[in-house]
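First comes the structure, then the notes that go with it.
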Amino acid sequence: MFESAEIGHSIDKETYEKAVLELREALLDAQFELKEQARFPVIILINGVEGAGKGETVKLLNEWMDPRLIHVESFLLPTDEELARPPQWRFWRKLPPKGTTGIFFGNWYSQMIYARVEGDIKDARLDQAIGEVESFERMLCDEGALIFKFWFHLSKKQLKERLKTLEKDPQRSWQISPLDWKQTEVYDRFVRFGERVLRRTSRDYAPWYVIEGYDENYRSLSVGRIILEGLQAALKVTERRAHHPHAAPLVASLDNRNLVASLDLSRALDKDEYKEQLATEQARLSGLMRDKRMRGHALMAVFEGNDAAGKGGAIRRVTGALDPRQYRTVPVAAPTEEERAQPYLWRFWRHVPARGQFTIFDRSWYGRVLVERVEGFCSQSDWLRAYGEINDFEEQLYNYGIVLVKFWLSIDKETQMQRFKEREEIAFKRYKITEDDWRNRDKWDLYADAVGDMVDRTSTEIAPWTLVEANDKRFARVKVLRTLNEALEAAFKSK
């Protein structure tokens with residue numbers, strides 16, 4: 001895979017300088033067109049052998065293009081803030097918005113390759129990381145991102161020659177770091193595992209480009225032209241490529257039954273039972289959140305349900321048991337301009353709690369397969385692939401020790417109508433009822449089908465749905481608290 005990047009490619013100075021004049025102008029034009037269209041971001045991943053000119057090339061790109069529209073990120077040792085969250089969090093929060101370019105050093109590939117070279121992980125974990133990265137990049141591209149992946153290469157002989165040359169030059173010797181010399185010691189392992197990663201992650205939607213780094217003129221022109229041609233091609237495509245899933249469309253079950261419809265909504269608690277059980281479960285939650293074992297976990301609770309199902313009341317009973325410094329509530333509404341400029345899950349990744357913390361989502365990432373599906377706010381291909389993307393997201397949370405509890409609060413149509421009327425008649429509840437609530441009610445059956453599909457496709461062993469019978473608010477609130485407590489206790493026991 002690397003043989004053609006070890007043959008001594010070179011470009012003479014005259015040819016280089018002439019080509020650069022045209023290239024710079026074209027790159028700037030494409031960059032400003034990218035900003036004007038603001039349809040997609042560009043992500044450039046920089047990897048490869050140390051000393052092969054990675055830093056010099058990125059510096060040159062900043063000179064050739066408008067640096068205000070380029071975000072260069074270097075992912076070296078993780079900060080304390082990053083260590084307190086899943087590894088993917090640090091990359092999600094740095095993704096460039098649409099219309100701009102992000103250049104990532106020390107990205108997800110660097111970390112998995114170096115971990116394997118150092119023996120921190122085995123082949124099985126490397127292959128697992130490769131699979132996770134494939135899913136991540138597939139999702140980014142499905143969301144419209146344009147990804148360039150560059151591997152800067154030198155043969156072992158070229159690497160040693162380059163380091164010796166730099167070492168002898170007083171004006172450039174500062175460019176050599178201990179990591180460069182260490183690269184010569186682990187070169188064979190680094191290249192072997194690098195090839196394994198490139199071979200398994202070079203795909204049509206995000207291919208690898210191997211660049212020989214020995215001659216800086218050749219290296220710079222190659223990278224510039226690849227970016228220019230890829231960017232120009234993407235800018236010409238005015239419509240996203242339609243995906244045609246090779247599967248039958250989702251349909252209701254033949255007998256029109258599903259898990260949600262089978263709930264016994266008559267379940268209830270009388271007032272005395274409610275007070276006693278509520279106090280017990282709130283005290284239990286308070287103690288669990290203060291337990292020292294919580295330092296190894298974070299807690300996330302997702303509240304979804306029918307309009308007027310009592311999500312707000314249930315959330316208040318949960319937070320009523322806690323110190324305000326222990327939790328954060330994230331209300332999810334229509335995405336902002338900033339959120340629309342990013343992949344769909346970005347707005348939720350940014351709120352992932354650190355260890356020891358608790359985040360409550362009032363509505364969540366399931367909006368894509370519920371309201372966006374029913375109201376036609378996204379394409380069928382978008383919400384169909386969202387099931388898999390959501391399951392991957394939740395698995396990443398689980399693997400890091402985050403306890404994820406998902407609630408669907410269910411009521412019947414008659415109870416919903418009764419609560420809607422109460423909200424219209426009682427002054428301090430009137431703000432809770434909107435035109436959207438009435439319109440959603442007209443689509444009850446469509447939402448019921450969407451909820452059934454959601455539960456069937458995303459209720460997994462690691463992140464199951466808890467279906468809450470919510471016709472009786474007292475019963476629902478106690479069930480929510482008890483479920484949270486049981487989930488935390490199970491997580492503590494598994495450590």
Side-chain angles (χ1 to χ4, degrees), residues 1-7 9-11 16 19-20 23-24 27 30-31 34 41-65 67 70-76 91 94-96 100-114 130 133-134 136-137 140-141 145-155 158-159 162 179-180 183 187 190-191 193-234:
M1 181 172 281
F2 300 131
E3 290 89 342
S4 64
E6 297 181 355
I7 61 177
H9 291 285
S10 64
I11 297 290
Y16 171 77
V20 164
L23 179 61
R24 292 184 67 170
L27 278 171
Q31 188 184 23
L34 173 68
V42 176
I43 301 172
I44 301 175
L45 305 180
I46 305 295
N47 296 91
V49 176
E50 298 299 327
K54 294 178 287 186
E56 294 96 320
T57 304
V58 171
K59 182 179 178 182
L60 204 57
L61 288 174
N62 272 290
E63 293 176 3
W64 287 353
M65 303 167 75
I70 299 176
H71 310 282
V72 180
E73 303 291 348
S74 183
F75 299 94
L76 299 176
F91 303 119
K94 298 292 186 180
L95 290 177
T100 66
T101 299
I103 301 179
F104 287 3
F105 285 103
N107 49 67
W108 40 90
Y109 288 111
S110 301
Q111 297 187 9
M112 71 171 74
I113 294 172
Y114 277 111
I130 288 171
V133 162
E134 280 192 290
F136 179 45
E137 292 180 351
L140 291 175
C141 292
L146 177 62
I147 300 178
F148 295 96
K149 301 189 295 194
F150 291 105
W151 179 276
F152 290 77
H153 191 73
L154 290 174
S155 67
Q158 289 172 331
L159 173 60
R162 180 173 173 80
L179 186 60
D180 294 324
Q183 181 91 95
Y187 179 89
F190 183 81
V191 170
F193 293 124
E195 181 178 319
R196 182 190 187 106
V197 169
L198 265 65
R199 185 175 69 247
R200 298 189 180 189
T201 59
S202 192
R203 298 289 181 258
D204 61 326
Y205 51 85
W208 279 98
Y209 299 95
V210 179
I211 306 295
E212 183 172 349
Y214 194 70
D215 180 78
E216 59 183 292
N217 292 345
Y218 174 83
R219 177 184 71 218
S220 304
L221 276 184
S222 296
V223 172
R225 284 182 171 169
I226 289 169
I227 293 174
L228 174 63
E229 292 173 10
L231 188 50
Q232 287 176 333

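Since the model is a prediction, treat every value here as computed from it, not as a measurement.
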Heavy-atom pair with the smallest gap, counting every atom of [X] and [Y]:
X: Val210; Y: Ala5; value: CG1-CB, 3.7 Å
X: Gly213; Y: Leu154; value: C-CD2, 3.6 Å
X: Ile113; Y: Trp151; value: CD1-CZ3, 3.8 Å
X: Met65; Y: Pro67; value: O-CD, 3.1 Å
X: Ile130; Y: Arg200; value: CG2-CB, 3.9 Å
X: Pro41; Y: Pro96; value: CB-O, 3.4 Å

Practice item. Report the residue from Phe2, Tyr109, Phe150 that forms a ring-ring contact (aromatic ring centres under 6.0 Å, His included) with Trp208. Key: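 The residue from Phe2, Tyr109, Phe150 that satisfies ring-ring contact (aromatic ring centres under 6.0 Å, His included) with Trp208 turns out to be Tyr109.
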
Is it true that a side-chain atom of [X] and a backbone atom of [Y] form a donor plus acceptor pair closer than 3.5 Å?
X: Glu212; Y: His9; answer: yes
X: Lys149; Y: Ala206; answer: yes
X: Glu3; Y: Met1; answer: yes
X: Asp215; Y: Ile11; answer: yes

Is any side-chain heavy atom of [X] less than 4.5 Å from a side-chain heavy atom of [Y]?
X: Glu134; Y: Arg203; result: yes
X: Ile43; Y: Glu137; result: no
X: Lys94; Y: Phe75; result: yes
X: Phe152; Y: Glu56; result: no
X: Leu140; Y: Leu95; result: yes
X: Arg219; Y: Leu60; result: no
X: Tyr16; Y: Ser220; result: yes
X: Ile211; Y: Thr57; result: no

Review point. If you draw a 6.0 Å radius around CZ in Arg199, do more than 12 non-hydrogen atoms from other residues or ligands fall strictly inside?
Key: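 Counting neighbours around CZ of Arg199, more than 12 heavy atoms of other residues, nucleotides or ligands fall under 6.0 Å, so yes.
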
Nearest-0.5 Å distance, [atom1] of residue [X] to [atom2] of residue [Y]:
X: Leu228; Y: Arg24; atom1: CG; atom2: CZ; value: 13.5 Å
X: Phe136; Y: Phe91; atom1: CZ; atom2: CZ; value: 8.0 Å
X: Tyr209; Y: Ser222; atom1: OH; atom2: OG; value: 12.0 Å
X: Thr101; Y: Gln31; atom1: OG1; atom2: CD; value: 6.0 Å
X: Ile226; Y: Phe148; atom1: CD1; atom2: CZ; value: 8.5 Å
X: Ile46; Y: Phe104; atom1: CD1; atom2: CZ; value: 11.5 Å

Practice item. Tell me, with the steps shown, if Phe190 and Tyr114 meet ring-ring contact (aromatic ring centres under 6.0 Å, His included). Key: CA-CA 7 Å; Phe190 183 81; Tyr114 277 111; 5.2 Å; yes

Practice item. Could you check Ile227, Val20, Leu231 and say which one makes a side chain to side chain contact (heavy atoms under 4.5 Å, CB included) with Leu27? Key: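 Of all the options given, the one that passes is Ile227.
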
